[in-house]
Amino acid sequence: MRSSRPSLISFCWGALGGALVTGTALAVILVSGGVGGSRTTVTVVQSAPLGVSVDRTRTKSGLEVRQIYERSASGVVFVNATGVIQAQSPSEYLRGESEERGTATGSGFEVDGRGTILTNWHVIEGATTITVGLGHGRTVAANVVAHDASSDVAALRILTAGLTLHPLALGDSAKAHIGETVLAIGNPFGLERTLTTGIVSALQRRIQAPNGVTISSAIQTDAAINPGNSGGPLLNEQGEVIGINSQIETAGGHAGNVGIAFAIPIDTAKSELATLERGGTVRGG
């Protein structure tokens, strides 16, 4: 009569199942009785992957978010305007402002070597004095050379003598796609050159310009922006400007970010810049 041996099958399968769940490598030796002697089977179970790690610091273009910021931040400016007109909805228009002093702060960005800066019209509307804080610590006076209230875009000009400028490359907002990574750089609550990231959440959104005209082509993003971000650039994965951050959706009367922001497409501002390059002037609304 064949003698019986304790079975290791159930133990080994239990251990194997545990290893598959935890992802731990396991070497199992199965010993079983058989005619003519014993048989040893060695089973090696490799570690199972626990998940895919997503590198959120690198864009699909191969550029790291850090690299895009480092080459772009110096071209973002701090806009300070005195004597401004009260915005229709300051919480939505993102103008960091003080009603008591009649001042407003916001963001802007350099677009050429002649000292042209783009920002939102609602940041500087009615201002008697405008100054611009540059990336290398200098503050200079700025003048409005073009604006269009119906698109909430304004162009400023500063004297460039003795300055080192860092103009940002302008992209094509018509080529923006839902789901692509975007970066916002600006001055929320006066915190200069703050970086936030997100994705394009939707296109062709309808928002209202300061004069009540509907802007029907806004870019929606979930990149966190707050009062003071107005006028700052929205960058794509190549580091090109595709929008001018302008408004946020608010909830319960709170002015802070709730994950829904809107940018004016850069293509809207390009037409005004083209007019300036031809020596013309732009005044709208």
Would you say the side chain of Glu110 lies within less than 4.5 Å of the side chain of Leu118, judging by non-hydrogen atoms? no
Flag the pair Ile225 / Ile248 as yes when at least one side-chain heavy-atom distance between them is below 4.5 Å, and no otherwise. yes
Would Ser246 and Asp152 satisfy side-chain hydrogen bond (donor to acceptor under 3.5 Å, both in side chains), going step by step from the backbone distance to the final call? CA-CA 8 Å; Ser246 180; Asp152 197 16; 3.0 Å; yes
Answer whether the closest heavy-atom distance between the side chains of Phe109 and Val77 falls below 4.5 Å. no
Residues 70-82 vs salt bridge (charged side-chain N to carboxylate O under 4.0 Å, His left out), sequence neighbours excluded, gives Arg66-Glu70
Which Ile, Leu, Val, Met, Phe, Trp or Tyr residues join Phe78 in one cluster when any pair of side-chain heavy atoms under 4.5 Å counts as a link? none
So do the side chains of Val140 and Thr131 get within less than 4.5 Å of each other, counting heavy atoms only? no
Whether over 12 other heavy atoms sit under 6.0 Å from Ile199 CD1: yes
dist Asp112:CG -> Arg157:CZ (nearest 0.5 Å) comes out at 6.0 Å
Could you give the distance from OG (Ser173) to CD1 (Ile266), rounded to the nearest 0.5 Å? 7.5 Å
Partner residues of Ser151 under the side chain to side chain donor-acceptor pair (under 3.5 Å) criterion, sequence neighbours left out: Asp148
Restricting to pairs with a member in residues 184-196, which pass side chain to side chain donor-acceptor pair (under 3.5 Å), not counting sequence neighbours? Ser107-Asn187
May I ask you to test the Glu240-Leu170 pair for a side-chain heavy-atom distance under 4.5 Å? no
Among side-chain atoms of Thr103 and Asn80, is any donor-acceptor pair under 3.5 angstrom? no
For a side chain to side chain contact (heavy atoms under 4.5 Å, CB included) check, start with the C-alpha distance between Thr116 and Leu156, then their side-chain angles and the critical distance, and finish with the verdict. CA-CA 6 Å; Thr116 307; Leu156 309 177; over 6 Å; no
So, taking the atom named CD in Gln208 and the one named OG in Ser216, what distance separates them when rounded to the nearest 0.5 Å? 13.0 Å
Apply the test side-chain hydrogen bond (donor to acceptor under 3.5 Å, both in side chains) to residues Asn245 and Ser230: give CA-CA distance (whole Å), side-chain angles for both, the deciding distance (0.1 Å), then the verdict. CA-CA 5 Å; Asn245 294 314; Ser230 270; over 6 Å; no
With a 4.5 Å cut-off on side-chain heavy atoms, are Thr105 and Val79 touching? no
Apart from Val182 itself, members of its ILVMFWY cluster (side-chain separation under 4.5 Å) are Ile178, Val200, Leu203, Ile219, Leu234, Ile242
Does either side chain, that of Ser74 or that of His136, offer a donor lying less than 3.5 Å from an acceptor on the other one? no
Could you check if a side-chain atom of Ile124 sits within less than 4.5 angstrom of a side-chain atom of Val144, using non-hydrogen atoms only? yes
In chain order, what residues pass the salt bridge (charged side-chain N to carboxylate O under 4.0 Å, His left out) check against Asp267, with sequence neighbours excluded? Lys270
From CA spacing to verdict: side chain to side chain contact (heavy atoms under 4.5 Å, CB included), Leu165, Thr160: CA-CA 8 Å; Leu165 301 181; Thr160 61; 3.7 Å; yes
